[in-house]
Amino acid sequence: MSFAADNENMNKLHGERRKTLPVVKVEQDLDEEHLPKRVLPILAAPYSPIPEGDELNIDEPIFPLEPATESTVVPSWLQLAPEDNVINYTPSTRVRHSVGLDVPGAVHTITTPKFRTDRQLDSKLVVIMVGLPARGKSYLVKKLRRYLNWLQYETKVFNVGNMRRVVENSQDQSASFFDPNNQDMKRIRDEIALSVLEQLIGWLKEGGRVAIHDATNSTLARRKLLIDRLEREPEIRVLLIESVCTDQAMLERNFCLKLSGPDYKNKDPVKALADFRSRVANYEKAYQPIGDWEEENDIQFCKLINVGKKVIAYNISGYLSGQCIFYLMNFNLNERQIFVTRHGESEDNITGRIGGDAPLSDKGKKFAKALAKFVQSQRIKFACELASKESELEPEGQQDFAKALQTTAKFCNSPFTIWTSMLQRSMQTAEYFDPDDYDIKHIRFLNEINSGICEGMTYQEIQQTHPSEYRSRQANKLFYRYPGMGGESYIDVIHRLQPMIVELERMTQSCLIITHRVVMRILLGYLLDWTREEMPHMMVPIHTVYELRPKPYGTELKKWQYIEETDSFIEF
């Protein structure tokens with residue numbers, strides 16, 4: 001059978017897959033490797049703990065703060081085609097989501113006109129947050145939103161505190177507003193919570209997959225109110241997540257962070273802190289943690305204590321709920337460096353061929369040597385920073401120089417992991433790192449996207465030989481799957497990288513990831529919270545290093561470009 005016939009059959013079988021996203025014309029893959037250094041894009045800027053004008057949720061405080069926006073403005077250097085400015089992900093009304101396992105791009109459900117409408121489907125999930133103020137609820141949900149969106153489950157956070165400030169801006173929202181004995185204020189708070197829930201349900205009916213109700217929901221009466229309403233929606237499952245914090249030092253830090261929020265902006269900090277403590281005390285009077293009633297009614301829930309140090313899960317059922325709990329069990333707040341780079345230049349890069357398993361060129365080997373020196377120097381700088389922070393915690397007058405040196409040496413000798421793919425150009429890039437100083441692992445998950453029958457070809461050759469495939473890929477790089485044995489799509493690579501993301505969140509040591517263009521885009525897409533429109537089209541040239549530092553309020557990013565003439569890296 002001819003390739004054209006194969007292609008026609010594939011289009012019939014996978015037509016829906018390739019029509020999921022609009023045409024996005026932003027990048028010339030043929031020229032990417034030869035872009036001048038001066039046009040390298042600035043992918044992101046470090047987050048600030050309290051961005052100007054950001055609406056922080058004071059009722060539902062943040063463990064640590066992480067800014068998030070529900071709608072991302074496409075930067076000027078990422079141009080969408082004019083006809084594609086409006087993206088619609090609403091699924092067809094004829095499509096029934098699968099019961100249980102439902103993985104976007106990897107599972108296809110056979111639909112029939114007959115199915116039980118009263119059957120509880122695992123198609124929609126509502127996460128209801130529970131907990132006292134300053135216990136980290138908003139931090140948890142923003143992490144969870146980023147992860148689920150990266151897995152291509154459309155996820156959105158609905159924050160009750162933000163709605164309260166909009167609707168009740170004429171009310172006195174001091175601590176007395178939250179007094180459980182004030183029935184009028186309690187009624188207003190419940191009405192706002194239900195109003196947000198209605199918005200949430202409407203969004204799910206329009207095509208969303210996971211909606212998060214971000215509020216204290218700290219009484220049994222409030223939770224019953226929300227659950228009773230959701231039970232009228234047969235295709236919605238409910239998961240309660242309670243955030244508990246017993247770490248007094250962390251609570252004090254979170255209390256102080258609240259003073260920069262909208263409820264206390266431009267107010268005396270001493271009075272503001274006293275008012276917030278009083279607000280928390282009012283919540284504590286009526287607080288009813290998740291427990292017997294939820295168990296008696298078989299409601300699935302999870303208690304996260306001190307950011308996942310202890311986890312209690314009950315009656316967890318359904319694929320999406322399981323994904324949420326598994327993810328929340330595997331992250332930490334340790335300070336660490338995450339370096340991400342592509343392999344050094346390979347012989348195939350010189351000729352413009354994709355895929356394959358070519359070795360490094362001479363220029364690529366030079367980059368590999370410089371990379372080892374660069375990472376070692378950055379590792380030492382970071383260790384000095386950590387040692388300096390630790391010495392600052394010593395009582396004044398008790399700092400000891402010898403002890404400071406010992407602390408610095410401790411951080412310098414802390415574990416450092418290097419991950420590479422199993423392709424030789426990636427493994428060769430790590431050859432100049434001393435295995436006695438670095439834990440080096442070669443991981444098949446990090447291999448480049450498999451290009452199927454297009455392996456070893458240039459983009460010009462693909463365009464000439466398989467023009468319809470070339471156009472399909474340009475139209476929808478996220479869902480396009482290369483034809484032939486083992487051919488993959490971006491979605492396929494996302495799901496194969498899922499264990500890497502979980503491990504990256506779980507590990508406490510710093511690491512360097514040496515991988516390939518598509519894999520690097522996907523990893524950075526998660527770490528920097530890129531949208532699905534941006535991720536497949538970001539320019540990530542070779543010989544560029546990205547350093548990311550996970551912070552309570554987001555991810556800080558630094559970028560370096562290797563300059564061959566000086567055999568050094570410059571930050572840009």
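Numbers here simply count residues along the sequence, with the first being 1.
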Is atom CE of Met329 surrounded by more than 12 heavy atoms (other residues, nucleotides or ligands) closer than 6.0 Å?
no
So does Tyr432 have more than 12 non-hydrogen atoms from other groups sitting under 6.0 Å from OH?
yes
Once rounded to the nearest 0.5 Å, what's the spacing between atom [atom1] of [X] and atom [atom2] of [Y]?
X: Leu423; Y: Ile514; atom1: CG; atom2: CD1; answer: 12.5 Å
X: Thr515; Y: Leu446; atom1: OG1; atom2: CG; answer: 5.0 Å
X: Cys511; Y: Phe416; atom1: SG; atom2: CZ; answer: 6.5 Å
X: Ser472; Y: Glu469; atom1: OG; atom2: CD; answer: 5.5 Å
X: Met422; Y: Ile443; atom1: CE; atom2: CD1; answer: 8.0 Å
X: Glu547; Y: Leu512; atom1: CD; atom2: CG; answer: 11.0 Å

Under the side-chain contact (heavy atoms from CB on, under 4.5 Å) rule, what do Leu504 and Tyr526 come out as? Steps first, then yes or no, please.
CA-CA 11 Å; Leu504 203 57; Tyr526 169 78; 5.6 Å; no
Heavy atoms only: give me the nearest [X]-[Y] pair and the separation to one decimal.
X: Met507; Y: Asn332; value: O-ND2, 3.3 Å
X: Asp357; Y: Arg425; value: CA-NH1, 3.7 Å
X: Pro435; Y: Ile440; value: CA-CD1, 4.3 Å
X: Glu488; Y: Arg496; value: OE1-NH2, 2.8 Å
X: Cys245; Y: Asn306; value: CA-OD1, 3.4 Å
X: Ile501; Y: Trp150; value: CG1-CH2, 3.4 Å

side-chain contact (heavy atoms from CB on, under 4.5 Å) evaluation trace for Gln498 with Gln323
CA-CA 11 Å; Gln498 189 176 1; Gln323 286 294 306; 2.4 Å; yes
So, the side chain of [X] versus the backbone of [Y]: is there a donor-acceptor pair under 3.5 Å, distance only?
X: Thr458; Y: Gly352; value: no
X: Thr555; Y: Leu528; value: no
X: Arg521; Y: Pro536; value: yes
X: His543; Y: Glu345; value: yes
X: Arg353; Y: Thr351; value: no
X: Thr341; Y: Thr544; value: yes
X: Glu154; Y: Arg209; value: no

Taking the side chain as C-beta and beyond, is there a heavy-atom pair between [X] and [Y] under 4.5 Å?
X: Lys559; Y: Glu571; result: no
X: Leu239; Y: Ile316; result: yes
X: Leu151; Y: His495; result: yes
X: Met500; Y: Ile513; result: no
X: Ile449; Y: Val519; result: no
X: Phe479; Y: Ser489; result: no
X: Thr420; Y: Phe433; result: no
X: Pro415; Y: Asp439; result: no

Face-on cation placement of Arg473 at Tyr459 ring, 6.0 Å and 45° thresholds:
no
Please say which of Phe572, Phe374, Phe367 ends up in a ring pair (Phe, Tyr, Trp, His ring centres under 6.0 Å) with Trp560.
Phe374
Could you tell me whether [X] and [Y] have a side-chain N and a carboxylate O separated by less than 4.0 Å?
X: Lys365; Y: Glu431; value: no
X: Glu503; Y: Lys441; value: no
X: Arg342; Y: Glu448; value: no
X: Arg145; Y: Asp529; value: yes
X: Lys366; Y: Asp567; value: no

Under the criterion side-chain contact (heavy atoms from CB on, under 4.5 Å), I'd like the reasoning laid out for Val210 against Asn149: C-alpha separation, chi angles, the key distance, then a yes or no.
CA-CA 9 Å; Val210 183; Asn149 274 323; over 6 Å; no
Quick one: do Thr465 and Tyr470 satisfy side-chain contact (heavy atoms from CB on, under 4.5 Å)? Show the steps, please.
CA-CA 9 Å; Thr465 310; Tyr470 183 85; over 6 Å; no
Audit row: Gln474, Tyr480, side chain to side chain donor-acceptor pair (under 3.5 Å) steps and yes/no:
CA-CA 9 Å; Gln474 291 299 101; Tyr480 171 81; over 6 Å; no
Between Gln152 and Tyr490, does a side chain to side chain donor-acceptor pair (under 3.5 Å) hold up when you go through it step by step?
CA-CA 11 Å; Gln152 308 307 304; Tyr490 270 78; over 6 Å; no
Does the plane of the ring in Tyr147 sit parallel, tilted or perpendicular to the ring in Tyr327? Use 30° and 60° as the thresholds.
parallel
